Amino acid sequence: SSLGISSGACTKMRKPQVDEPKQSILEPSLMFPKPIEKSHRAWQIGYQALLPIAMLLWLAPLLAVALFSIRPDSDFLIGNYWGWPSSFEMTKNYGMVFGSAMPRYIMNSFLITIPTVIGAVALSCMTGFALGVYKFRGNLLVFFMFIAGNFVPFQILMVPVRDLTLDMNLYNTKTGLVLFHIAFQTGFCTLFMRNFIKALPHELIEAARVEGIAEWRIFWFVVLPLMKPAIAALSVLIFTFIWNDYFWAIVLTQGENAQPVTAGITSFNAQFRAMYHLMSAGSIVAALPPVLMFFLMQKHFIAGLTLGAVK
């Protein structure tokens with residue numbers, strides 16, 4: 001009887017076998033966009049036709065500046081902005097640019113940008129190490145304070161910062177501009193470095209501590225060599241940010257003794273008219289250092305941004 005009860009219970013508990021739907025698994029074609037090579041031929045033709053148009057639209061301002069830089073001054077007086085140049089004055093225009101105070105402005109930019117990059121990156125390496133390795137009360141609070149400065153609109157700081165530089169006798173000096181840029185860029189640099197150091201294997205630091213190595217030696221000999229890709233990527237970014245700065249260049253400096261090249265380009269404006277051909281030539285010259293910096297550091301820049309992306 002017990003066998004009958006148990007068999008009846010098992011029969012009652014057993015459900016009829018039904019073809020259950022298998023768990024749907026997203027195929028790669030549903031998770032990622034379809035490559036253009038596998039798309040319909042009409043899409044491929046449209047893509048190939050629109051890509052050069054989009055590139056020309058993106059390059060149109062740069063091409064216009066390059067075209068303006070080789071035009072004679074007479075073309076702007078008669079309104080020939082977009083037509084064929086009446087003559088090509090590339091040598092004359094660029095000669096006038098280098099014969100003016102432009103070399104002095106370029107040197108000012110180097111004297112402002114290079115110390116700023118060194119100072120901001122050095123400070124961010126140390127703050128990133130402290131916030132990424134050590135666990136202490138208020139760690140996140142300090143980290144959020146570094147980040148909060150990036151959300152403050154820098155335009156509202158114009159009057160306080162200018163008054164501060166006047167009180168400290170740093171107005172219209174390269175030193176004042178360098179100190180301000182270091183203070184303002186350290187927050188973003190700390191965010192970048194802290195997240196990078198946080199992703200490093202903590203076992204390396206623990207192994208060094210077991211060996212009795214001092215903390216500053218761990219930072220210098222263990223962590224810092226691993227940060228070279230991040231340092232290269234961050235240096236390129238900060239170099240571009242500071243070199244292209246125009247707002248603080250006109251707020252905190254004036255004249256060729258301290259102004260960088262972005263503000264010095266406006267010196268080609270006359271009292272009643274603007275010399276567009278010289279301003280365009282000066283803009284092309286001013287854009288060359290960041291471009292060269294990127295191409296020289298391109299390998300390290302890409303490695304620093306994509307390190308750990310596969311993981």
Side-chain angles (χ1 to χ4, degrees), residues 65 68-69 93-124 149-150 152-190 231 234-294 296-297:
V65 172
F68 282 10
S69 67
N93 292 345
Y94 283 90
M96 293 178 65
V97 167
F98 284 102
S100 63
M102 183 59 64
R104 180 66 179 272
Y105 290 122
I106 294 176
M107 182 57 64
N108 290 342
S109 291
F110 278 112
L111 294 176
I112 292 170
T113 305
I114 294 176
T116 300
V117 172
I118 295 174
V121 172
L123 287 175
S124 64
N150 297 320
V152 177
F154 58 87
Q155 290 85 355
I156 67 175
L157 301 175
M158 178 178 65
V159 175
V161 170
R162 183 179 182 276
D163 293 342
L164 182 63
T165 56
L166 287 171
D167 295 338
M168 300 177 64
N169 294 324
L170 293 175
Y171 179 75
N172 196 29
T173 61
K174 292 185 284 291
T175 304
L177 201 56
V178 168
L179 292 177
F180 169 78
H181 281 312
I182 291 176
F184 200 78
Q185 296 295 333
T186 300
F188 169 75
C189 296
T190 299
I231 293 174
L234 189 61
S235 299
V236 174
L237 288 176
I238 300 302
F239 186 93
T240 305
F241 293 162
I242 304 305
W243 185 277
N244 293 330
D245 173 68
Y246 176 75
F247 181 80
W248 294 109
I250 62 175
V251 170
L252 301 180
T253 59
Q254 59 182 0
E256 62 183 54
N257 291 329
Q259 275 191 336
V261 66
T262 50
I265 294 175
T266 58
S267 62
F268 293 117
N269 290 334
Q271 184 176 2
F272 300 104
R273 54 182 294 267
M275 299 181 181
Y276 293 110
H277 59 306
L278 297 183
M279 292 181 62
S280 300
S283 300
I284 296 295
V285 173
L288 291 178
V291 173
L292 294 176
M293 176 75 173
F294 173 78
L296 290 175
M297 303 290 290

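Since this is a predicted model, take the numbers as computed values, not measurements.
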Contact summary for [X] and [Y], nearest pair of heavy atoms:
X	Y	result
Phe239	Met293	CD2-CG, 3.9 Å
Gly187	Asn150	C-ND2, 3.7 Å
Leu177	Pro260	CD2-CD, 4.3 Å
Ala120	Gln185	CB-CB, 4.3 Å
Phe68	Ser280	CB-OG, 3.2 Å
Ser69	Tyr94	OG-OH, 3.1 Å

Can you find a pair of side-chain heavy atoms, one from [X] and one from [Y], that are under 4.5 Å apart?
X	Y	answer
Phe184	Thr116	no
Leu252	Phe180	yes
Val251	Val161	no

Before giving the answer on side-chain contact (heavy atoms from CB on, under 4.5 Å), spell out for Val65 and Ile284 the whole-Å C-alpha distance, their side-chain angles and the decisive distance to 0.1 Å. CA-CA 8 Å; Val65 172; Ile284 296 295; 3.9 Å; yes

Decide side-chain contact (heavy atoms from CB on, under 4.5 Å) for Ile265 and Ser283; before the verdict, give the C-alpha distance in whole Å, the side-chain angles of both, and the deciding distance to 0.1 Å. CA-CA 7 Å; Ile265 294 175; Ser283 300; 3.8 Å; yes

For the pair Asn108 (side chain) and Ile112 (backbone), establish whether a donor and an acceptor sit closer than 3.5 Å, ignoring hydrogens and angles. no

Within the distance-only criterion (no hydrogens, no angle test), does the side chain of Ser100 pair as donor or acceptor with the backbone N or O of Val97 below 3.5 angstrom? yes

Please step through side-chain contact (heavy atoms from CB on, under 4.5 Å) for the pair Tyr171 and Gln254, ending with a clear verdict. CA-CA 9 Å; Tyr171 179 75; Gln254 59 182 0; 4.0 Å; yes

Between Asn257 and Asn172, is a side-chain contact (heavy atoms from CB on, under 4.5 Å) present by the stated rule, with each step listed? CA-CA 8 Å; Asn257 291 329; Asn172 196 29; 5.5 Å; no

Parallel, tilted or perpendicular: which fits the ring planes of Phe247 and Phe154, with parallel below 30° and perpendicular above 60°? perpendicular

Determine the interplanar angle of the Phe110 and Trp243 rings, folded into 0 to 90°, and report it as parallel if under 30°, tilted if 30 to 60°, perpendicular if over 60°. perpendicular

